[in-house]
Amino acid sequence: MADYKITLPSWQGLSIRYSSDLHSNLLEALEEALEQERMQIEYQCRQGYCGSCRVRLVKGKVGYPCKPLAFVNEGEILPCSCHPLTDIEIKL
């Protein structure tokens, strides 16, 4: 079981929790938390093919069980196919 803090500074410093027991990827944790705030995150394929969920990783590290097919620039991650390895800060 791994729990990490996800901070979204552009949304008034909103912090959410990622739990490997509850979430299979970062997107699931973001959807759950943002739904409570009546906000949404962009996504389509949910498997790392399209890149529409791409966000900027400001701090921390993430891991990918399988390398995504969508192109990502340095400093970007795909929440639909990654999970935190440390506390992270992202910019949506």
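Here the side chains of S81 and Y64 are in contact, with some heavy-atom distance below 4.5 Å. Residues Q44 and C50 form a side-chain contact, since some pair of their non-hydrogen atoms from C-beta on lies under 4.5 Å apart. Contact check for L30 versus V55: no side-chain heavy atoms found under the 4.5 Å cut-off. Under the 4.5 Å side-chain criterion, counting only non-hydrogen atoms from C-beta, L14 is not in contact with T7. Within the 4.5 Å cutoff, side-chain heavy atoms of Y43 are placed close to those of L27.
Shortest non-hydrogen contact noted between N25 and C80 is ND2-O, 3.1 Å. What you find for P68 and G48 is that their closest heavy atoms are CB-O, 3.6 Å.
The distance from atom CG of L26 to atom SG of C82, rounded to the nearest 0.5 Å, is 5.0 Å. In this structure, CD in E28 is found 11.0 Å from OG in S19, a value given to the nearest 0.5 Å. Summarising the geometry, atom CD belonging to Q47 is positioned 11.5 Å from atom SG belonging to C53; distances are rounded to the nearest 0.5 Å.
For the side chain to side chain donor-acceptor pair (under 3.5 Å) test, residues two or more places apart in sequence or in another chain that qualify with N73 are E76. The salt bridge (charged side-chain N to carboxylate O under 4.0 Å, His left out) search around R17 returns none, not counting sequence neighbours.
Side-chain N or O atoms of H23 include none that pairs as donor or acceptor with a backbone N or O of Y18 at under 3.5 Å.
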If you look only at distance, which donor and acceptor atoms sit under 3.5 Å apart when one is on a side chain in residues 85-92 and the other is two or more places apart or in another chain?
from : atom 1 : to  : atom 2 : distance (Å)
T86  : OG1    : K61 : N      : 2.9
D87  : OD1    : K5  : N      : 2.9

Practice item. Apply the test side chain to side chain contact (heavy atoms under 4.5 Å, CB included) to residues R54 and L78: give CA-CA distance (whole Å), side-chain angles for both, the deciding distance (0.1 Å), then the verdict. Key: CA-CA 5 Å; R54 181 180 296 121; L78 299 175; 4.0 Å; yes
Practice item. Might you work through the salt bridge (Lys or Arg N to Asp or Glu O under 4.0 Å) test for E74 and R56, ending with a clear yes or no? Key: CA-CA 9 Å; E74 189 172 328; R56 172 124 346 246; over 6 Å; no
